[in-house]
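The block underneath contains the structure these notes are about, expressed in structure tokens.
Below, each value reflects all heavy atoms present in this structure, side chains not excepted, and no hydrogens, waters or symmetry copies. A, B, ... follow the sequence lines: proteins, then strands. Residue 1 opens every chain.
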2 protein chains.
Amino acid sequence: MRPLQCRRNSIVGRPGEYRHQQQGRPLRRPGYTPSVAVAVVVVIFTVRQDRLNVLLIERAAEPCKGEWALPGGLLLPGETLDAAARRKLEDETGVSDVFLEQLYTFDRLGEGKAEVVVSYFALVDIGRTRLRSESEWRPAWHPVHPTPPTAFENDRVIAYAEERLRNKLEYTNVVYSLLPERFTLTRMQQTYEAILGERLDKRNFRRRVVGLGIVRPTGRFEKQGAHRPAMLYEFTSRKPMIL
Amino acid sequence: MRPLQCRRNSIVGRPGEYRHQQQGRPLRRPGYTPSVAVAVVVVIFTVRQDRLNVLLIERAAEPCKGEWALPGGLLLPGETLDAAARRKLEDETGVSDVFLEQLYTFDRLGEGKAEVVVSYFALVDIGRTRLRSESEWRPAWHPVHPTPPTAFENDRVIAYAEERLRNKLEYTNVVYSLLPERFTLTRMQQTYEAILGERLDKRNFRRRVVGLGIVRPTGRFEKQGAHRPAMLYEFTSRKPMIL
DNA sequence: TCAAAAGTGTTCATCATACACCCATGA
DNA sequence: TCATGGGTGTATGATGAACACTTTTGA
């Protein structure tokens with residue numbers, strides 16, 4: 001429920017400078033182009049065992065060797081922010097073609113080299129990921145609650161991403177990126193519950209997602225255990241949409 | 001109306017590595033810290049004569065001399081992003097203490113020096129601004145519809161900011177930053193209408209903003225013209241809040 | 001008395017929420 | 001036949017949207 005909606009029926013037509021901060025008085029110095037170290041980090045979420053998890057990497061080098069941190073790295077001159085984020089995501093999980101969105105740009109996170117950190121967040125289906133295992137920078141899934149201690153204040157980034165995810169769940173179809181091709185509505189509901197941290201009503205949940213047309217039954221069933229088989233559903237669209 | 005809400009009554013507990021991209025194969029090069037030029041730009045909105053306006057500056061130097069662009073500049077080493085944005089805002093309008101929020105971080109906007117542009121957006125009451133007039137970089141208000149041609153693809157930034165503003169209007173109290181201490185509800189409604197680009201219903205609008213408790217009557221009246229005087233209202237809080 | 005803007009209430013449709021029982025299967 | 005999870009319908013309250021007339025003032 002949007003708190004401020006008072007529409008009427010009718011709709012009306014719609015319509016490089018460089019400054020040096022010194023003792024409060026900015027002072028121009030032409031010709032000189034300052035540059036800073038910029039990093040890109042990616043908060044990669046998945047739902048595993050009915051819990052929201054985030055991918056962290058154990059740092060094999062200084063600074064903060066041995067601590068957990070988000071996958072990321074310094075931005076290369078000439079590289080696009082989106083490209084850097086996609087590369088990190090694919091390097092660590094092997095997946096591409098999932099929901100990935102810029103989150104926020106932080107300043108001075110911890111005592112890393114990067115002065116500016118552009119964060120992204122991604123949603124992956126646990127079933128499709130193949131974590132890198134050979135390397136010395138071991139990635140691993142960690143529950144978000146509680147978030148383990150992280151280097152470079154990465155917990156702030158994770159908390160921000162989680163908030164954004166919770167909001168997006170409510171007004172978009174981004175869950176598609178956390179679920180396989182076909183899935184049961186119970187699984188879908190558990191995914192919502194894991195992220196929102198509260199239980200939903202089964203009947204209301206089903207009425208909603210089917211009624212909004214974001215999923216449709218496939219006609220196939222999943223048999224498992226000694227109980228009635230469950231209908232498998234699929235998303236009508238696997239692109240991010242506002243509902 | 002949030003499309004996906006199926007709550008139950010019960011609530012369950014909730015709760016720098018460097019890589020070089022070369023022919024697809026990232027390659028680590030320890031020791032070297034690449035850096036890039038980072039700029040901060042601010043989309044400063046106001047409502048003037050019932051229209052949403054944005055502050056643009058006529059560039060006095062190359063590149064793009066003589067074209068209109070958003071206020072901004074390169075980030076200084078050691079300067080905080082928020083601080084840079086606040087400084088730009090104050091330099092151009094003379095106001096501080098208004099709503100200012102990070103918007104998005106862009107890549108390669110036009111052919112400026114900056115490879116990474118961190119954008120902010122701000123909302124100011126036209127009555128409090130004193131535009132810089134002495135300098136060679138002349139700032140001026142421009143209607144957002146239609147947006148004049150801008151340097152560095154700044155129109156993309158403005159369009160993004162406008163979308164964010166429209167969304168924020170609906171679920172926060174950020175309008176406070178566009179209005180003076182005391183104002184009539186008609187003025188407030190016109191502000192909404194200017195931004196949303198559509199007419200609102202007077203009775204519904206008033207019931208809502210008063211009912212939500214975001215404004216309260218002051219008991220003072222504004223007399224003007226040959227008609228009934230209007231009650232002056234004030235915001236119950238002048239801090240950003242989610243409604 | 002007229003023009004101009006201020007102010008005010010009700011109806012209806014939609015939708016979020018709460019809630020409990022039967023069904024299909026394999027052990 | 002029993003245990004397990006799958007599947008379904010209805011009643012109520014809240015809220016967004018539509019809609020028109022009276023009031024106050026100064027000219």
Whole-Å distance separating the [atom1] atom of [X] from the [atom2] atom of [N]:
X         : N       : atom1 : atom2 : result
Met231(A) : dA24(C) : CE    : P     : 13 Å
Arg208(A) : dC15(C) : CZ    : P     : 10 Å
Arg228(A) : dC2(D)  : CZ    : P     : 20 Å
Glu222(B) : dT24(D) : CD    : P     : 18 Å
Met188(B) : dG7(C)  : CE    : P     : 14 Å
Leu200(A) : dA18(C) : CG    : P     : 11 Å
Phe205(A) : dG7(D)  : CZ    : P     : 13 Å
Arg207(B) : dA14(D) : CZ    : C1'   : 13 Å

Counting the atoms with a prime plus P, OP1 and OP2 as sugar-phosphate, which does Thr184(B) contact under 4.0 Å by heavy atoms, base, sugar-phosphate, or nothing? nothing

Ignoring hydrogens and angles, tell me if any N or O in the side chain of [X] forms a donor-acceptor pair with the backbone of [Y] under 3.5 Å.
X         : Y         : value
Thr129(B) : Ile126(B) : yes
Arg164(A) : Leu103(A) : yes
Thr147(B) : Pro143(B) : no

Is there a side-chain contact between [X] and the phosphate of [N], meaning an N or O under 4.0 Å from OP1 or OP2?
X         : N      : answer
Arg206(B) : dT8(C) : no
Arg203(A) : dG7(D) : no
Thr186(B) : dA6(C) : yes

Could you say whether Leu185(B) or His227(A) is positioned toward the 5' end of DNA chain C, judged by the nucleotide with the nearest heavy atom to each? Leu185(B)

If you assign Ala226(B) and Ala230(B) each to the DNA chain C nucleotide with the nearest heavy atom, which residue ends up on the more 5' nucleotide? Ala226(B)

So CD of Glu181(B) and CD of Glu234(B): to nearest 0.5 Å the spacing works out to 7.0 Å

From C-beta outward on Asn204(B), which listed nucleotide comes closest to its side chain: dA17(D), dG7(C), dG7(D)? dA17(D)

Is there a side-chain contact between Leu131(A) and Glu92(A) in this structure, where contact means two heavy atoms from C-beta onward sitting under 4.5 Å apart? no

Donor-acceptor pair under 3.5 Å, Lys202(B) side chain vs dG7(C) base: yes

